[in-house]
Peer 1: 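The following block contains the structure, expressed as structure tokens.
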Amino acid sequence: MARELLEQLVVPTWFYDRESDVIYVNPPYREHSSLKAEVYTLDEFLMEIPYKYREQFLMLRDKEEPSFSLKYHFMDAENKTFEDIASLISDAQGEAVGYAGHSLTFLDAITEADKLKQAIIEIGEAFRENGGQSFYDFSVRYLAKLLEADGVLIGTITGEEQRYVDTVAMVHKGEIVPNISYSLTGTPCAEAADTGECFVPSDAKEKYPDDQTLHSMNVESYFGSPLYNSNSEVIGILAVMSEEKKTEGEMERAIFRVFADRISTELTKRNAELELQAVSRYDPLTGLVKREYFGELLDLEMERHHDQVILMVMDIDNFKMVNDSWGHDVGDELLRKLARHLLEEFSELDSVISRMSSDEFAMMIRGEYSEGEIVRRAEQLIDSMRYPFVIGGNEYFGTLSVGIAFSGGGEAAKNLISHADAALNKAKYKGKNRYEIYHRHLGIAVKEELQIKQALYYALENEEFVLFYQPQVCENDSTVIGYEALLRWSHPEYGLLTPDKFIEIAENSGFIIPMGEWVLKESCRQLKEWQEFYGRHELKVSVNLSAQQFKDRYLDDKILMAVEEAGLTPKHLVIEITESMVLEDFKGSVKVLDSLRKRGVEVHLDDFGTGYSSLNYLSKLPVDTIKIDKSFVWNIGKTEQDGAIVRAIIAMAENLGMKVIAEGVESKEQLEYLKQTGCHLYQGFYYSKPAPPVGVVVY
């Protein structure tokens, strides 16, 4: 940059660079001296002047004075005396890098040299003291003052075809102007960007009638220069504008280029920072805002309009199945298409959409909307998912669960997010493919759920789980043939909890696996104790499997280990599963059940009649016994329909060679009806409520 600046100056000037120990001399200096080369080492330069003058030049190597004078002449021109001012030059860290020398011998250049000297000093100080936006604001103000211009702007070139200018800083009549954006087409800035520079000494408005900026500022003269990045690509414009005609001065042009060079460097750094910021703020897969940045925007919006923010969170139902079944490439494309779909669905709203996690999205809606309007939007979104996404020529259907929360009461953004998440979880719990709105009672339930979840991790270690047992009775002689083990949690704060209070939480947290293993081992141990105490070695125990346990690849080994450790044989253990567990992967389920039955474990199909009951799959399912759901048994004698269902289930099981257990038997009337229809195994309050081991009677 120093050499380029020297070439532009009309004042005889030299620059000494301490690092390289060389002196650069510009054309006017060479013209007025006997020097021919552009660059000399300091020792070479000293050989051109008499010995008595050399000591003052040697001080350039280590002197730290802001400025000092030198007086000398050259060997072959004793009658031409030079009188120079040497000014200390420092880098951005304040370290001295050399000296610039300006000749005062030529009176016609003294004023220009002083002005240039002062400008260089001020520019150096300003570059050190200003950073960020203050650097750009200083630059336009300083240039306007120094060049006696009415307006100066720094702009970046943007747009898909790089044909727009976004101002970074702009001053007019001494005042900073708010940033604007304008098209390059039909402006002198376009010529500057395309040809390298554009100087219009007069009649700028007439020459560029479509440039609204020139007209609004009454610009008569214009000088613009492109700003380059390190790859010599045009990234911006520096322009000076005046209401008066201007002539091109070498000094002004030199200073202008000093600024252009430095501003180019700053803009290059700024663009790199913006690119890094974009990487950190936006999701590379979908282009949506990332969770962290979304949280910042939500915080800011709630500070401004805390009662007018609506948050909607959306989650793709069963997205894991898409990845597992079709691969992550299809899953990623589905996420991209859903992101575009959300942007289109809510394009007319003042909103920000974020990808919060793998398949969860969030949308912040700004403005005053009623609950009814937001509900309508949610319903439209859910309904729009009826149409498939086409990926690689194949159609993929998906559904969304949606949670909605309205701001209010000056709450923090993190609370609004947790409220919307609570509503989303409720939507999923109630069957998915639906929306839920957060209300205060839901928050209380979520808090209780969180407390249960945290306590769950210590329940096994603290021996808080207990098993209750309910007998299964045979009609012939009312003999107990076995017991179903039913898990309870003796919670230190909430008391005795039934599975409906904690099983789903255990499933979602993964804690169901160690919990299920404990149930297996403890129920087998208890059964062995009863067998030995009562001499009833034919007794069996039934254990319910969870969906996650059923998918465990080591399930066979864990079951057989529990049986073996208790001193039982596999025929003493009954595994109970549900229809929904089986249908998630029917072929895989058949394989698992076949393996268990071959090893001697009996299999019962629990809650039969409440799911997808079908002869087609039931005939292929390796189970020994069907358990009629208690809801049908309770309604025996109340509705003809339920009675017909019970009869149909019993007949179907008989035809398939399966036994039937009726759950929920509570009255003698129900018992008599079941006997008459061919069901001979029962379980329910009529015989016994579930009881802890000490309350169980074996008969």
Side-chain angles (χ1 to χ4, degrees), residues 158-161 163-164 166 178-183 278 281-317 319 333-357 359-391 396-408 411 413 416-417 419-421 423-424 427 432-438:
T158 61
E160 291 185 5
E161 298 181 359
R163 300 309 294 173
Y164 282 86
D166 292 335
N179 291 344
I180 61 172
S181 180
Y182 63 90
S183 171
R281 288 183 169 181
Y282 295 90
D283 174 44
L285 180 66
T286 63
L288 299 178
V289 171
K290 283 186 177 180
R291 183 186 188 97
E292 294 77 12
Y293 186 41
F294 182 78
E296 293 175 17
L297 296 175
L298 187 59
D299 268 326
L300 184 62
E301 190 61 28
M302 292 188 69
E303 286 177 13
R304 293 172 177 171
H305 309 289
H306 60 81
D307 288 328
Q308 296 179 18
V309 182
I310 301 151
L311 187 63
M312 188 182 292
V313 293
M314 298 144 281
D315 187 273
I316 303 176
D317 298 326
F319 181 69
E333 184 60 24
L334 179 61
L335 292 172
R336 279 191 287 265
K337 286 184 175 292
L338 177 60
R340 289 194 291 270
H341 180 64
L342 293 174
L343 290 170
E344 291 171 1
E345 280 287 311
F346 298 98
S347 59
E348 75 277 17
L349 293 183
D350 183 7
S351 62
V352 177
I353 303 177
S354 167
R355 183 186 177 201
M356 301 289 277
S357 61
D359 62 324
E360 182 178 321
F361 297 80
M363 180 171 60
M364 172 179 65
I365 303 172
R366 293 175 283 229
E368 296 185 35
Y369 294 94
S370 68
E371 185 174 304
E373 290 174 307
I374 296 301
V375 164
R376 181 173 58 83
R377 292 281 183 179
E379 289 175 342
Q380 287 177 349
L381 174 63
I382 291 170
D383 185 61
S384 70
M385 297 297 288
R386 292 186 296 111
Y387 303 99
F389 292 106
V390 179
I391 302 173
Y396 295 88
F397 291 87
T399 60
L400 289 178
S401 295
V402 179
I404 303 168
F406 293 81
S407 66
E411 62 195 323
L416 192 64
I417 292 174
H419 293 170
D421 280 336
L424 173 65
K432 304 176 183 178
N433 192 30
R434 57 181 293 127
Y435 71 87
E436 287 292 336
I437 300 174
Y438 176 86

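For this chain, numbers begin at 1 and follow the sequence in order.
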Peer 1: Can you find a heavy atom in the side chain of M312 that is under 4.5 Å from one in the side chain of F346?
Peer 2: yes

Peer 1: List in chain and number order the residues that pass side chain to side chain donor-acceptor pair (under 3.5 Å) with S357, two or more places apart in sequence or in another chain; answer none if no residue qualifies.
Peer 2: none

Peer 1: What are the two closest heavy atoms between A420 and V313, and how far apart are they?
Peer 2: O-CG2, 3.3 Å

Peer 1: Are R434 and E436 within salt-bridge range, i.e. N to O under 4.0 Å?
Peer 2: yes

Peer 1: Between A362 and M356, what is the shortest heavy-atom contact and its length?
Peer 2: CB-CG, 3.4 Å

Peer 1: Roughly how far, to the nearest 0.5 Å, is the CD1 atom of I310 from the CD atom of E301?
Peer 2: 11.0 Å

Peer 1: Without swapping roles, check the side chain of S407 against the backbone of V309 for a donor-acceptor pair under 3.5 Å.
Peer 2: yes

Peer 1: To the closest 0.5 Å, what do you measure between CG (D315) and CD (E360)?
Peer 2: 5.5 Å

Peer 1: Considering all heavy atoms of both residues, which atom of L288 and which atom of A339 are nearest to each other, and what is their separation?
Peer 2: CD1-CB, 3.7 Å

Peer 1: Please walk me through it: do R291 and I417 pass side-chain contact (heavy atoms from CB on, under 4.5 Å)?
Peer 2: CA-CA 11 Å; R291 183 186 188 97; I417 292 174; 4.1 Å; yes

Peer 1: Shortest non-hydrogen contact from K290 to Y282?
Peer 2: CE-O, 3.4 Å

Peer 1: Would you say L343 and I353 make side-chain contact, with heavy atoms under 4.5 Å?
Peer 2: yes

Peer 1: Assess the residue pair I365 and L311 against the criterion (side-chain contact (heavy atoms from CB on, under 4.5 Å)); give the C-alpha distance rounded to whole Å, side-chain angles, the decisive distance to 0.1 Å, and a yes or no.
Peer 2: CA-CA 6 Å; I365 303 172; L311 187 63; over 6 Å; no

Peer 1: CD1/I374 to OH/Y435 distance, rounded to the nearest 0.5 angstrom?
Peer 2: 11.5 Å

Peer 1: Measure the CG-CZ distance between L334 and F389 for me, rounded to the nearest 0.5 Å.
Peer 2: 6.0 Å

Peer 1: What I'd like to find out is whether the side chain of M314 reaches to under 4.5 Å of the side chain of L424, using heavy atoms alone.
Peer 2: no

Peer 1: Run the side-chain contact (heavy atoms from CB on, under 4.5 Å) check on F319 and L335 step by step: do they pass?
Peer 2: CA-CA 10 Å; F319 181 69; L335 292 172; 3.8 Å; yes

Peer 1: Looking at E373 and S370, would you say the former's side chain and the latter's main chain have a donor-acceptor pair under 3.5 Å?
Peer 2: yes

Peer 1: To the nearest 0.5 Å, what is the distance between CD (E371) and CZ (R376)?
Peer 2: 14.0 Å

Peer 1: What is the distance from atom CG of L349 to atom CE of M364, rounded to the nearest 0.5 Å?
Peer 2: 12.0 Å

Peer 1: For the residue pair D317 / T399, report whether a side-chain donor-acceptor contact shorter than 3.5 Å exists.
Peer 2: yes

Peer 1: For V289, is there any backbone N or O sitting under 3.5 Å from a side-chain donor or acceptor partner on S354?
Peer 2: yes

Peer 1: Please output the side-chain donor-acceptor pairs of residues 381-388 that fall under 3.5 Å, not counting sequence neighbours, one pair per line with the distance.
Peer 2:
unit_1 : atom_1 : unit_2 : atom_2 : d
D383   : OD1    : R386   : NE     : 2.7
D383   : OD2    : R386   : NH2    : 3.4
S384   : OG     : H341   : NE2    : 2.9
S384   : OG     : L381   : O      : 2.6
R386   : NE     : D383   : O      : 3.3

Peer 1: Run the numbers on E344 and K337 for salt bridge (charged side-chain N to carboxylate O under 4.0 Å, His left out), then give the verdict.
Peer 2: CA-CA 11 Å; E344 291 171 1; K337 286 184 175 292; over 6 Å; no

Peer 1: Charged N to carboxylate O under 4.0 angstrom, E333 versus R336?
Peer 2: yes

